[in-house]
Amino acid sequence: MKTDLSPRMKVLVYGLMSVLLIPFVFPTWWMVTSSVKPISDIFAFPPDIVPTRFDFSTYGRVFELQPFAQQYWNSAYIAALVTAGTMLFSSMAGYAFARIRFPFANTLFMILLIGLLIPAEVTIVPLFQIFLGWDMINTHWPLILIPIFGAPSVFATFVMRQFFIALPKELEEAARVDGLGRFKIFWTIALPLARPALGAVAIFTFLHSWNLYLEPIVFLSSPANFTLPQALTQFTDAYGGALWNVQLAAATMTALPVLIVFIIAQRQFVEGLAHSGLKG
Amino acid sequence: MTVAAKSSSPPARKRPFWTMERRDSLAGYLFIAPQMIGITVFVLIPLGLVFWYSLHEWNVLAQTFRFQGLGNYQTLLSDPGLPQVLGATAIFSVGLVIFNMGLALLLAVLLDQKLKGITLYRTLFFSPVVVSLVAWTIVWGFLLQNNGGINALLATFGIEGPNWLRHPTTAMISVIVVQVFKNVGLNMVLFLAALQGVPRELYEAARVDGTPAFKQFTRITLPMISPTVLLTSIITIVGSLQVFAQIAVLTQGGPGMSTTVLVYYLYQQAFQFHKFGYGATLSILLFVVVAVLTFIQWQMRRKLVFYEN
Amino acid sequence: QDQVDLRMTIWSANEAHLAMFNEIADGFAELHPGVTVTFDSLPFDSYTTTLTTQIAGGNAPDLAWILETTAADFVNSGALAPLTETFAATEGYELEDVTEQATALWRADGELYAYPFSTSPFALFVNNDLITEAGAQTPAELIAAGEWNWDNAIDIAATVADTGANGLIVRDFNYQIWQNLASIWRGWGTDPWSEDGTTCTFADAEMVDAMSFIHAAIFETGAMPGPGENVDFFTGDAAMTITQISRASLLPQGDEAFDWDLVPLPSGPAGNYSVIGQAGIGAFGMGDNVDMAVEFLAYLSNPENSAKLAQFFPPARQSLLNAETLGTTNPLLSPQQLENVVVAGITNGVVLPGHAGFAEIQQVARAELDALWQADADVEAVLTSVCNRITPML
Amino acid sequence: MASVTLSDVKKSYGKAEVIFGIDIDIADGEFVVLVGPSGCGKSTLLRMLAGLETITGGTIEIGDSVVNDLEPKDRDIAMVFQNYALYPHMTVAANMGFSLEHRRVPRATIAERVQWAAGILGLEPYLERYPRQLSGGQRQRVAMGRAIVRDPKVFLFDEPLSNLDAKLRVVMRGEIKALHQRLKTTTVYVTHDQVEAMTMADKIVVLSGGRVEQIGAPLELYDRPANRFVAGFIGSPSMNFIEGQMGADGFEANGTILPCPPGVPVGTRAVYGVRPEHFTIAPDALTAEILIVEPMGSETLVTMQLGETSMIGLFRERIAAAPGQTLGVSIDPARVHLFDAETGGRLT
Amino acid sequence: MASVTLSDVKKSYGKAEVIFGIDIDIADGEFVVLVGPSGCGKSTLLRMLAGLETITGGTIEIGDSVVNDLEPKDRDIAMVFQNYALYPHMTVAANMGFSLEHRRVPRATIAERVQWAAGILGLEPYLERYPRQLSGGQRQRVAMGRAIVRDPKVFLFDEPLSNLDAKLRVVMRGEIKALHQRLKTTTVYVTHDQVEAMTMADKIVVLSGGRVEQIGAPLELYDRPANRFVAGFIGSPSMNFIEGQMGADGFEANGTILPCPPGVPVGTRAVYGVRPEHFTIAPDALTAEILIVEPMGSETLVTMQLGETSMIGLFRERIAAAPGQTLGVSIDPARVHLFDAETGGRLT
Ligand SMILES: Nc1ncnc2c1ncn2[C@@H]1O[C@H](COP(=O)(O)OP(=O)(O)OP(=O)(O)O)[C@@H](O)[C@H]1O
Ligand SMILES: Nc1ncnc2c1ncn2[C@@H]1O[C@H](COP(=O)(O)OP(=O)(O)OP(=O)(O)O)[C@@H](O)[C@H]1O
Ligand SMILES: [Mg+2]
Ligand SMILES: [Mg+2]
């Protein structure tokens, strides 16, 4: 279907896409513009599409009310660690399931897939007990370890497995003849070639970790340890009411970098998924 | 040089224990070890514990933790709220999957065109995925009010919109739609990738054969990307059974019980009503539902999905 | 003395609150070297979830803020440490200064299990500009005339609503938190269940009358905004709102300011009444440092610190309930308003309805009551079915 | 069936010109093969014929109508793609019937046509199979079946045999040829294999860099290539070329004198061309040093040094000589080609 | 360099037996080609030699040691894969040096060896390129370079030329041959192209269905195929076969009498084999009806009907006759092959 469209079709497609875009873009637009509106304008009805009065002080207040820079760093480094860890362990497991023949491989893979089926709410209490036993409450460890081994990592393993299945077998055999052992083959041949799939996995994992909500709230208690989605809930006035404009400014700052990363990486992302032959 | 095989077999040699196969198997286990250990500790053991809790009467506040065998499961069977909850869950999941997949597919097809600025469109359609859930839901709650933006828009066309979040049907639709708009970008990207994997000669052959565009879509595109459709539908169904925050903010399960889906009900029982044992039982039910649905889909794949190898 | 770290969960993340609490904690630490108190801010929306997870996970905090809706659950569960003895033994505590009325919700069998640090009466904020514009009498005028009752109040709201603005908002009710409607139905002298909590009275005649009154105000006269309509009094869009006085800080200033007033709840068929909302602090009984936690709570709620708390949270102590004390921390309110509304409200106020297992009852009733919020609802039938559903839980 | 006429057909992608004005006349029923090195524009030309690429200049006529702006489906052509482009999710029968489904052909007729095509191509046993269950040659046949069921005016083939192995290629070549003889449909066939071109074509069009080098019957191209490019392209192994100049006794190149036909003035700088199969063994003629001997059963391929040039000779006999020995060879002047040293054009 | 000995080598995948006990002796420095139809086990055999597949029976010796349980890296072999298996993320130099890096060879030595191999293969200008920036032939050369840098005892090639086009295949064939002449490393080469087998091999092993059909020098196989299978497999176009029986005047088949060598008793049922290139035109001999004529320049391929059998003849002359006309052909009895009708074994 990737053929040049006739001019009439082009207009049609652009038109359709632009209309469809409204429900996708309006809330974000509202978020961004409201973050620079005085609070009384935010709920004005009908809403101003373009703000009439600007109040940029909200962005300053974000940093005054919370250790926001610290929280930003927390989110960033946790997401980075989770992404790196997932990429490593999932590609290892994905590689083995795709490429190495060992007894019970299929059974083990099925067991692994259970991880994909469990909502976070279901296991949060036992996990809390486990981490309490390890004395890791109010540390970042749960937020790093659970995603690396939980549902998103299983999805990543699945993607990596699909990718490695499609990778030409001869490359590895050439490497074996060239004198490499399994791990070296994985590390120097398979992994560098898995870049596109790794890219897709990285974006998925990063997004998941970046947006994690339930776990931080349950596991973290001091503001200096908070992550961004959790920090967003903390912008309140003296009576617990939400400081909407400040909260939205923080939300904007939370979303923008990820959006920018997506803009830059989206081709890699789409192609990575295309290459990984993501099939059931 | 003769063709016939030599009759004398070579002298029997003792094979070393670490044969090539065994060494390779060991490597395989070492490779999956981190993930398998992780899954055991962070998924399987917790799941086992949840099952263990479900055999108890556990009131968190009252500190009661009493073994009662299958008592919670009996409660489950006679729970008057449960049929409604399961019904709502089914409607929600089915509606969400259909709408999500349909929209994702439509967007993917549109975004697969060779057009200027298509990257910008892709990014914009994807953007809700990265927007904070809180902000997203607030805006939609605001738009969906009786006197909100959507009805104001409808009014300009002379349509009197329903009170979206206050009627069982429209509340369900609203919750689904808000959820779909937030996350459809992910499926869209998956479909886009799948579409790009369809060999373009197939379309050229179809054009030469005179296949109309719509038929090209239904008869070539859809079957060719059916494995991805299956996979995304599994992921989406599993995901739909886990949707919680949107419902909590938009409808709190109402009106009536119309949007109280299983995971929300579970949350209420465990965390609001402090009935942890029963909550654990509902967790097990949820897990079983997810597993069974996934299993059914997986079984249907042979019929509905086309595989190249 | 050994090093002791006390942890207290709160749902405020406000800097000023934290500063005040830390100041009190520092004061306590001076008296008890080696004791530190940290305050964990949990988001309000998921406060109970998180607190419950921590308790279930075996990591209960030493102290916690407790919502009035869960008060009965916590107090009756045995999870909290008894306070009366320690409080009584604390020098200068003056336990009798804490009113009986205010602690009713936090007692079980006469024993106090949590201290109500915030006791806030429900009252009516009024937008006189909108009302005079609509040509109605203001509540102040009606009070002066001795005619401040619900019929007149709702007429004002209906008159204003006819002009295109909104009438009366029960803040935070949102057709979900139905217990806030107590601020109306208590005027009919009714409650969802009997005093001992065993009989459902939702379907009693007074309740039906009260609910019919509310239903008519919503669907017939439009005096109250309907379900699914979010309107904010404090942006100047409505004539009146029922809320707690602490919301005075939301009143707009400068350009947006309007002529506002704060008046007590109107009288109903059953006469005058007051309603208060509360939040308490409890010490968990299962920790290692229970005694120290209870001691801290005693310190936190002694007269001196109660006065500090009063700048944000209306106190439950009789001695602090006067216009002077409250006036220093609520500069927006006139002494007369404080006296008539706040002091009188807290003194006479009855807390919102509560019950063991309230969360579940609340949800079930909420679901049933959704049927009431339709224009053609049969009030009595709906209330009867509410009773049918919740009676097994009482 | 119809004739096809290309007049001054041009194509550019953006600024890059790819086809520089091509004229080809194809008669009704003719089998025309387009050959040329990779990237010369064969596929592009074929796809323009099919309507899969727009043309930027000139006109294409099929039958009597100009089809420049017609959609592929309205041109009444059928195309066989290099990798067959079979619909992997449809059975063989469905693949073949697919194009008819959209032309409101009754079901019964479709079945009949499919049966007919399957009969011709020996595909009856496979009608219910999926493409993945077929061997390469069978898939190729299905692709042809898909093309013939519709009975189009023109067949277009884009390197249909290049994915097959050598033996199968020979077989399928025969089948396509036979099919054409049977249906007599005008056919345009792209390949870069010159054996295919030679054996199948009524007429060969040699393309290079987006231009036509020569059009003619296969033997015409073999015997009288219009220029050095065609000479080197047609024939396998390729023609040997030596640069030099005309002398009085023959062609002077690197210190050897080679026999050559008359008619070219002495002193002309030229390129001398001789095909490997046009050497014969003759002890008293030219002496060549043997470099490599490759026996192939009935023939022997010898790489040899003649003067300072290395040449390949193809002999119809076994040659026992080993590398390093010498061999006497002769060249029939009548079979020698001379090309202009600069333009590459044919001189004789 | 080393000899290679396979004794009774077997392989089964689960229950499916694929190789049924094969014995091959390869002398030091020999160039052995494995040929056979698709699926006959060529690759499997090669991969067992390499250590990429375990063997289920028998022994493989390289040099003097049994290597059955050795890892590929410990066998000191080098392998060139069908699609080259170049590491796409490494430069040409890195690809070639890669195997040395893992053998603790000093950097300087690696660079030197890579330079040496690149020199031999003419790859110097491309050392810093990535495989995707190379043409097919260049990639093929890099794959060979990767194999030779290590100076292994044995080279293994699995259809290294099958992805190249016809012209390039001829060139690369020459290069591999030259390389072998230069390095004299023992080589096992798999192909299904019998031209490659004929021109390159010192010794050809013909496999079919997991068994050895014949082992011998190329011309030996061409001249005296051990059985019908080998006869049909070696030579292109394939040998023509006719079933019939020995008569008094020659071979009787479908109503024709064909000339045939003596030595087979009259009345024996047999299969008569004659290669297309062993027909000659002789007006007064056998009369064949012409079915298809395919001129290829110096040769002409004619499909003709002899009695009731259709045969292919390859003639060294132009044949002007059209399909339907008749052609007089003769067969030299000395070049005729006779095979047992049942076992397919050679009779003469
Ligand atoms: N979409 C395109 N954009 C730009 N240039 C193109 C495009 N398609 C083809 N070309 C160029 O047009 C020229 C002709 O391409 P074409 O595919 O017709 O070659 P070909 O003769 O079929 O080669 P091959 O034998 O390799 O298939 C090439 O130089 C190619 O790079
Ligand atoms: N992993 C496997 N499991 C089962 N059977 C296999 C496996 N690999 C190969 N075979 C079978 O072994 C036989 C020989 O395969 P092999 O690849 O060696 O053939 P080949 O001679 O190389 O064929 P080709 O010329 O097509 O490459 C085939 O019948 C094949 O189906
Ligand atoms: Mg092409
Ligand atoms: Mg093979």
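Values reported hereafter were calculated over all heavy atoms of this structure, with side chains retained and with hydrogens, waters and symmetry mates removed. Order of the sequence lines fixes the chain letters, A, B, ..., with proteins taken first and strands second; residue numbering starts at 1 for each chain.
By number of non-hydrogen pairs under 4.5 angstrom with chain E, the leading residue of D/H278, D/K177, D/M296 is D/M296.
Contacts of D/P218 with chain E are absent, with no heavy-atom separation under 4.5 Å from either backbone or side chain. Contacts between E/L291 and chain D at a heavy-atom distance below 4.5 Å are absent for every atom of the residue. For chain D, no part of E/R335 is nearby; none of its heavy atoms comes within less than 4.5 Å. Contact of E/V195 with chain D is made through the side chain alone, with heavy-atom distances under 4.5 Å.
Contact annotation for residues 228-237 of chain E against chain D (heavy-atom separation below 4.5 Å, listed by residue number): E/G232, E/F233, E/G235.
To the nearest 0.5 Å, atom CG of residue E/L219 and atom CZ of residue D/R318 are 4.5 Å apart.
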Fill in: side-chain contact (heavy atoms from CB on, under 4.5 Å) assessment of E/M198 paired with D/L301
CA-CA 11 Å; E/M198 293 294 286; D/L301 211 54; over 6 Å; no

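Applying the side-chain contact (heavy atoms from CB on, under 4.5 Å) criterion to D/R316, with sequence neighbours excluded, gives D/E277, D/E299, E/S298, E/E299, E/R316.
D/R173 is listed as a side-chain neighbour of E/E294, based on a closest heavy-atom distance under 4.5 Å.
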